[in-house]
There are 2 protein chains.
Amino acid sequence: MKNSPQEIGKSVKKRRQAVGITQQNLALVSGTGVRFIVDLEKGKPTCHWGKVLAVLDALGLQVVLESR
Amino acid sequence: MKNSPQEIGKSVKKRRQAVGITQQNLALVSGTGVRFIVDLEKGKPTCHWGKVLAVLDALGLQVVLESR
DNA sequence: TCCAAATATTCCCTATCGGTAATAATCACA
DNA sequence: TGTGATTATTACCGATAGGGAATATTTGGA
């Protein structure tokens with residue numbers, strides 16, 4: 001599945017590394033915690049929805065819903 | 001903010017109504033519960049990430065990350 | 001080899017989620 | 001506009017786990 005927490009977690013990690021910030025800084029900027037960033041990037045499916053969006057936003061990413 | 005749980009919740013609701021199924025059926029199809037669908041559509045930020053994706057998938061929607 | 005970065009662990013309060021049942025809000029139609 | 005029917009929302013329950021902070025441990029790059 002393309003739309004899995006795992007896949008998106010990978011995208012987040014890639015993006016973060018491309019931007020060149022550490023997990024700690026991303027946690028700070030996005031108002032979450034390091035644990036959360038690690039979990040998200042690992043694809044934990046039970047992360048909180050709003051925080052995921054906050055992290056994406058902090059990375060300059062926007063969620064677009066595309067009809068499949 | 002465009003990328004908020006509220007906004008996306010609205011999109012989900014619209015989409016569900018467009019597809020023409022009830023919250024109960026969507027809950028069934030997506031393997032969640034009615035309460036979850038209600039919460040998601042209302043924009044509750046603490047919904048579980050993986051379940052949100054499951055619902056979107058059940059609605060034929062795909063998450064795309066767009067650079068902002 | 002060495003150090004920053006990443007990941008794992010522990011503690012602990014709080015909240016999520018599903019199923020069901022009751023209530024409220026909407027809708028269809030005459 | 002009134003009435004019945006379908007749909008949406010809320011409350012309740014308890015087991016489970018989310019996640020921040022701090023710390024320990026591992027990994028990876030120069």
Side-chain angles (χ1 to χ4, degrees):
Chain A
M1 156 143 21
K2 167 73 169 54
N3 233 25
S4 67
Q6 286 80 21
E7 286 302 320
I8 299 185
K10 281 186 196 168
S11 300
V12 167
K13 184 166 192 169
K14 269 188 190 169
R15 173 72 172 197
R16 177 179 59 78
Q17 293 175 331
V19 171
I21 61 175
T22 99
Q23 293 177 321
Q24 201 150 64
N25 279 338
L26 181 52
L28 265 180
V29 171
S30 61
T32 64
V34 179
R35 257 266 301 283
F36 181 82
I37 303 295
V38 173
D39 287 343
L40 172 57
E41 291 186 352
K42 297 206 82 166
K44 188 195 237 183
T46 49
C47 289
H48 283 194
W49 171 223
K51 287 172 187 286
V52 174
L53 290 178
V55 170
L56 292 176
D57 191 66
L59 285 174
L61 290 175
Q62 187 173 347
V63 170
V64 178
L65 298 184
E66 208 169 72
S67 208
R68 183 164 40 71
Chain B
M1 160 149 12
K2 168 73 168 53
N3 233 24
S4 67
Q6 286 81 18
E7 285 302 320
I8 299 184
K10 281 186 197 169
S11 300
V12 168
K13 183 166 194 170
K14 270 188 189 169
R15 173 72 172 194
R16 176 179 60 79
Q17 294 176 330
V19 170
I21 61 175
T22 93
Q23 293 177 321
Q24 204 148 61
N25 279 337
L26 181 53
L28 266 179
V29 170
S30 61
T32 65
V34 178
R35 269 250 327 283
F36 181 82
I37 302 295
V38 173
D39 288 342
L40 172 57
E41 291 187 352
K42 295 206 83 167
K44 189 197 236 181
T46 50
C47 289
H48 285 193
W49 173 221
K51 285 172 186 289
V52 174
L53 290 179
V55 170
L56 292 177
D57 192 65
L59 285 174
L61 291 175
Q62 186 172 351
V63 169
V64 178
L65 299 183
E66 207 169 73
S67 208
R68 186 166 35 74

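Because the structure is predicted, anything quoted here is derived from the model rather than measured. Lettering of chains follows the sequences in order, A, B, ..., and the numbering in each one begins at 1.
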Can you see which heavy atom on [X] is nearest to which on [Y], and at what distance?
X: A:Ser4; Y: B:Leu53; result: C-CD1, 3.8 Å
X: B:Ala27; Y: B:Val34; result: CB-N, 3.6 Å
X: A:Asp57; Y: B:Arg68; result: O-NH2, 2.8 Å
X: B:Gly50; Y: A:Pro5; result: CA-CG, 3.9 Å

Can a side chain N or O of [X] be found less than 4.0 Å away from OP1 or OP2 on [N]?
X: A:Lys44; N: C:dA8; value: no
X: B:Lys51; N: C:dG18; value: yes
X: A:Gln23; N: C:dT7; value: yes
X: A:Thr22; N: C:dA5; value: no
X: A:Arg16; N: C:dA6; value: yes
X: A:Lys13; N: C:dA6; value: no

Let me know the distance between [atom1] of [X] and [atom2] of [N], rounded to the nearest Å.
X: B:Arg35; N: D:dG14; atom1: CZ; atom2: P; answer: 14 Å
X: A:Leu40; N: C:dA6; atom1: CG; atom2: P; answer: 14 Å
X: A:Glu41; N: C:dA6; atom1: CD; atom2: P; answer: 8 Å
X: B:Phe36; N: C:dT16; atom1: CZ; atom2: C1'; answer: 10 Å
X: B:Gln24; N: D:dT6; atom1: CD; atom2: P; answer: 13 Å
X: A:Asn25; N: C:dA5; atom1: CG; atom2: P; answer: 8 Å
X: B:Leu26; N: D:dT9; atom1: CG; atom2: P; answer: 12 Å
X: B:Asp39; N: C:dC17; atom1: CG; atom2: P; answer: 6 Å

Measure from the side-chain heavy atoms of [X] and tell me the nearest of [options].
X: B:Lys42; options: C:dT7, C:dG18, D:dT10; answer: D:dT10
X: B:Thr46; options: D:dT10, C:dC17, C:dA15; answer: C:dA15
X: A:His48; options: C:dC17, C:dT16, D:dG20; answer: C:dT16

Is there a donor-acceptor pair closer than 3.5 Å between any side-chain N or O of A:Arg16 and the backbone N or O of A:Leu59?
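Here the side-chain-to-backbone pair does not exist.
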
